[in-house]
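The chain is numbered in sequence order, starting from 1.
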Amino acid sequence: MLAGCTSDSGSETTSEGDGGGGETTAGGATETAAGGSDATINIGQALNPVRFDPITQLSNPDALVANRVFSQLYTYGEGTDVVPNLATSMPTIERDNTRYIVEIVDNAMFHNGDPVTAEDVAYSFRTPIEEETPLLGIFSVIDTVEAIGETTVQFDLSNPYAMFQHVLTHQVVPEAVREEDKEAFSTQRPIGSGPFKFVEWEESNYVTLERWDDYWGDELPDVAGVEFTPITESTTRVTNLRTGDVDVVETIPPRLWETVESTEDTSISEIESVGYFYVAFNCNEGPTADKRVREAIDYSFSMDDAVDRYIDPAGLRQYGPLPGQMVEEWDMPLEEWMEIPNDKDVEQATALFEEAGVPADWDAKIIVPPDDNRENIGLSIANGIKEAGYEAHVERLDWGAMLSRAYTGNASDYNIYVLGWVRYPEPDDFIYNLFHEDSEGVNQGVYYKNDEVMEQIQGARESTDRDERQQLYQSAISTLLEEKVHLPAFNYKNSYGVKSTVSDFQVHPVSPQNPRLLTGYNNVSVDR
């Protein structure tokens with residue numbers, strides 16, 4: 001959201017980064033004394049990042065940058081399994097699943113040279129609660145977190161929390177640096193302990209990172225740095241890939257999928273995302289607070305046709321708020337959920353609008369983020385409402401404006417919004433944040449009221465009995481779908497267009513983990 005400038009810690013270019021003392025490899029790239037090359041990888045982002053402080057919650061565009069800068073207590077392996085990063089091993093769990101004890105490595109350093117301490121870890125998990133950031137909903141289960149030794153952290157929870165190991169994938173920040181100037185930490189001087197250092201951010205233009213040659217991990221990045229360039233117009237993004245102005249682009253637009261596939265020196269790396277993209281109704285104010293109106297809108301257009309036309313092959317039709325892998329892993333009744341959406345029937349839609357007493361001059365307000373595909377979904381809905389006899393307008397907002405307006409619950413801001421959710425591969429993260437009343441105004445703007453559903457969501461959150469959780473989620477989700485709180489739309493594939501000069505590029509199902517430049521199983525290089 002704010003402009004950045006050169007980082008105090010990240011502005012100094014190392015001799016390795018400059019290529020000084022390097023030698024040319026057989027492939028033409030220059031190998032530095034540190035063992036990596038002097039090539040910088042250029043990545044075209046689909047959206048603008050707005051801030052980089054993990055304490056305040058990162059959106060996906062932020063996390064694509066920040067997750068290269070910050071280390072995490074735990075991270076993900078090649079799939080959705082949680083594996084140690086700063087931690088030395090998986091946590092010790094005691095006291096009926098309410099105490100987690102984590103040992104961290106003793107050699108990790110932040111980019112300013114300070115050691116990563118157990119106090120920093122405790123601060124990183126305690127502060128979102130104290131500052132009541134948008135992460136409060138998932139962190140509030142932490143009763144206390146404290147350093148009980150130089151490298152040992154103890155988390156005491158107020159109740160069992162089944163997805164807590166996923167919460168432990170949170171990034172670790174240096175307490176002293178962040179406390180000195182929180183605004184600068186978020187925009188000008190984000191200092192982490194990851195393999196890349198933050199150098200500079202010019203809002204809407206670029207973010208520059210460079211390899212940290214003192215990285216504490218087992219291996220250094222092969223690339224000397226990363227330049228992220230937001231290219232929000234999808235055709236321009238693909239053009240830049242084809243001309244070689246960027247090495248990698250995030251998110252292949254559906255209509256250009258074949259173009260990228262058929263480009264001689266380019267390929268697509270893809271995997272189904274742990275994500276969910278949806279149409280949400282304002283159940284708090286305005287005509288959409290009436291279920292009959294939400295039902296009418298579902299009758300006024302065909303989501304199947306919209307997804308087939310605007311999303312395929314870059315994404316998949318989705319019929320519930322859990323992504324496909326999770327539906328399968330949790331044995332959810334997908335066939336039943338597929339029967340819930342209405343087939344297009346404009347006469348039925350008109351009849352329901354009239355039965356609900358919607359004024360003839362109603363002009364439905366649909367807000368969408370800066371994403372052509374989601375805008376097209378919004379336009380499909382608007383066209384359907386118009387066919388049924390009412391006005392409707394789609395307003396495309398920049399990312400910051402979208403997040404500030406979509407959760408107010410005010411009908412003057414929106415009747416409908418089109419958004420998505422990507423984060424932890426755990427049902428609680430999707431259901432609690434998108435539907436529970438505690439998330440109103442923070443991560444959801446539906447303001448749906450149903451005590452039984454709220455109790456089911458809360459019960460599933462606190463239970464460690466997987467069968468019980470499955471039943472609670474199944475029941476809650478079925479009600480939410482029948483009540484038309486959301487119209488599930490699609491799930492994107494995590495897709496990247498990659499030039500042939502880039503090697504060892506792999507895509508992860510958890511979106512913010514991408515682009516995977518250095519992990520336990522890959523190290524990206526660029527041959528130039």
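Thr243 and Asp245 share a side-chain donor-acceptor pair at under 3.5 Å.
Residues forming a side chain to side chain contact (heavy atoms under 4.5 Å, CB included) with Pro254 (at least two apart in sequence, or on another chain): Pro313, Ala314, Asn373. Remark: Tyr473 engages no residue in a ring pair (Phe, Tyr, Trp, His ring centres under 6.0 Å) (not counting sequence neighbours). By the side chain to side chain contact (heavy atoms under 4.5 Å, CB included) test, Ile271 pairs with Asn494, Val507, Pro509, sequence neighbours left out.
In this structure, Phe198 has its ring center no closer than 6.0 Å to that of His111. Centroid-to-centroid, the aromatic rings of Phe277 and Trp421 stay 6.0 Å apart or farther. In this structure, His166 has its ring center at least 6.0 angstrom away from the ring center of Tyr74.
For the side-chain hydrogen bond (donor to acceptor under 3.5 Å, both in side chains) with Arg317, the qualifying choice from Asp304, Asp308, Asp312 is Asp304, the only one to do so. The one candidate from Glu250, Glu272, Glu270 that meets the side chain to side chain contact (heavy atoms under 4.5 Å, CB included) condition with Ser495 is Glu270.
With a 6.0 Å radius and a threshold of 12 heavy atoms from other residues, nucleotides or ligands, Glu328 has its CD atom at or below the threshold.
Using cut-offs of 30° and 60° for the angle between ring planes, the Tyr278 and Tyr417 rings count as perpendicular. The aromatic rings of Tyr432 and His436 lie parallel to each other, their planes meeting at an angle below 30°, with 60° marking the opposite boundary.
Interatomic distance, CG of Asp265 versus OG1 of Thr263, reported as 7.0 Å (0.5 Å rounding).
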